[in-house]
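Everything numeric here is computed off the predicted structure, so don't read it as measured data. Hydrogens, waters and symmetry mates play no part in the numbers below; they use all other heavy atoms, side chains included.
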Amino acid sequence: MAAADVTVEGRVAAGWEPVREAFAANFAERGDVGAACAVYLDGSPVVDLWGGVADGRAGRDWSADTMALVYSTTKGLTAVVAHMLAAAGAVDLDAPVCDLWPEYSAGGKGATTLRHMLAHRAGLPTFEPALASDQALAWRPAVEALARQAPRWEPGSRHGYHAVTYGWLVGEVLRRATGSTVGQLLAEHVGGPLGADCFIGLPEHEEPRVARLLAAPAPAVPGAADLAELPPGALDRLAAYADPASLTMRALNPTTPPFNFNSREVHAAELPAANGVATARSLARVYAATIGAVDGVRLLDAATLADATAEQSAGPDAVLLVPTRFGSGFQLASEFSPLLGPASFGHSGAGGSLAFADPDAGVGFAYVMNQMQQNLSGDPRTAALIGAVRACLA
């Protein structure tokens with residue numbers, strides 16, 4: 001099936017047709033293979049679309065219940081759980097985590113808080129040295145390695161994206177506080193109450209619903225003239241992203257070998273930073289429930305939401321080498337994370353997935369896909385969809 005021949009399925013409410021048009025154009029013009037998009041407005045669904053191919057090898061089309069692995073969009077789900085527990089008094093975001101996890105005080109990390117971890121300020125963006133992937137998937141070896149490790153910077157003094165280690169760090173604190181894993185907590189406090197298909201640690205019986213990820217096309221090699229025109233700092237970033245030994249690349253790929261995100265073993269494990277599996281419909285529903293009630297369920301009250309989205313980190317990122325902006329676990333609207341409006345919060349994922357809420361507009365939004373693209377700051381597919389949402393709200 002050629003991209004231009006994709007039939008978009010699903011529904012949009014009256015006045016939301018521009019989102020359908022933008023979604024269809026993503027297949028015809030922007031390289032989508034299989035994808036879904038959903039939008040909630042004031043607690044009710046107004047967009048629920050899907051189309052394309054979920055698994056070309058198996059000849060399986062994207063259906064209404066197809067799920068996708070969403071990489072770092074998972075971090076937002078983990079953050080929702082953390083803030084729900086904080087609101088319930090089960091965990092203190094600003095207390096030293098070594099109160100719950102005594103071993104973590106090694107290496108000068110005794111003052112680290114859960115908020116530092118959520119805001120990418122803990123100073124442990126990778127393993128030193130790299131950890132075997134099977135050990136990382138087993139959980140305990142990963143958290144023990146991080147507990148022993150000295151931080152790369154004084155916790156709280158700066159920020160650098162903890163692309164994968166965020167999950168073990170935040171997840172172990174929550175496990176120590178509650179006795180349950182993040183995946184279990186997500187099912188109990190979020191997925192179950194909302195009837196939302198979102199998993200960290202995918203049950204085996206759900207595996208047939210998962211779309212197969214397709215690697216991003218290799219980027220074009222810049223010529224000498226292109227390199228000469230790069231703005232200050234861009235050449236250093238380019239070199240870091242091309243060097244597997246750089247902190248940037250070791251943070252993005254902290255294990256040896258790197259994880260195979262299409263594998264059953266990775267889907268079954270819990271990586272609360274990176275291996276969430278969900279439908280777009282469910283992610284939009286979750287974010288809608290962070291800012292208001294969805295069928296009687298609200299996940300974060302107003303005070304908790306204000307605390308979760310208060311800026312904690314902004315400016316040059318020690319890992320990604322671009323300016324980033326974070327609350328406590330959520331990306332905040334910025335040039336690096338272009339969302340709907342200045343109050344938007346959520347999380348993107350490697351390759352293009354995105355989920356967020358905008359409390360000013362009353363919007364919960366999600367887009368998931370299987371064709372990955374390489375876009376460090378924003379993605380043309382989500383940019384088009386967000387532009388269409390904005391036009392529908394005007």
* To do: Assign the ring pair Phe261 / Phe259 to parallel, tilted or perpendicular, where the plane angle (0 to 90°) is split at 30° and 60°.
  => perpendicular
* **His120 and Tyr166 aromatic ring geometry - parallel, tilted or perpendicular at 30°/60° bounds** => parallel
* Kindly indicate whether the side chain of Trp50, heavy atoms from C-beta on, has any atom under 4.5 Å from the side chain of Thr66. => no
* Stepwise side-chain contact (heavy atoms from CB on, under 4.5 Å) test for Leu118 and Val170 -> CA-CA 7 Å; Leu118 288 164; Val170 175; 3.9 Å; yes
* Test: Asp295 and Arg285 ion pair at under 4.0 Å -> yes
* **Shared hydrophobic cluster, Leu321 / Leu238 (ILVMFWY, side-chain heavy atoms < 4.5 Å)** => no
* Asked: Which is it for Arg115 and Asp307 under the salt bridge (Lys or Arg N to Asp or Glu O under 4.0 Å) test, yes or no, and what are the steps along the way?
  -> CA-CA 10 Å; Arg115 198 181 300 278; Asp307 182 67; 3.2 Å; yes
* To do: Ignoring hydrogens and angles, tell me if any N or O in the side chain of Ser344 forms a donor-acceptor pair with the backbone of Leu340 under 3.5 Å.
  => yes
* To do: Would you check if the side chain of Trp153 reaches a backbone N or O of Arg158 as a donor-acceptor pair within less than 3.5 Å?
  => yes
* Asked: Going through the distances and angles, do Thr255 and Gln135 end up as a side-chain contact (heavy atoms from CB on, under 4.5 Å)?
  -> CA-CA 9 Å; Thr255 64; Gln135 291 182 298; over 6 Å; no
* Do Leu213 and Ile200 share a hydrophobic cluster, counting only Ile, Leu, Val, Met, Phe, Trp and Tyr and linking them when any side-chain heavy atoms are less than 4.5 Å apart? -> yes
* Report the distance from atom CG of Leu247 to atom CG of Leu320, rounding to the nearest 0.5 Å. => 9.5 Å
* To do: Carefully, step by step, assess Arg20 and Glu17 under the rule salt bridge (Lys or Arg N to Asp or Glu O under 4.0 Å).
  => CA-CA 5 Å; Arg20 180 190 288 272; Glu17 293 84 1; over 6 Å; no
* Report yes or no: do Val210 and Phe199 belong to one cluster of Ile/Leu/Val/Met/Phe/Trp/Tyr joined by side chain heavy-atom distances under 4.5 Å? => yes
* Please determine which of Val294, Val81, Ile291, Leu194 meets the side-chain contact (heavy atoms from CB on, under 4.5 Å) test together with Leu299. => Leu194
* **Flag, side chain of Lys109 to backbone of Gln149, donor-acceptor distance under 3.5 Å** => yes
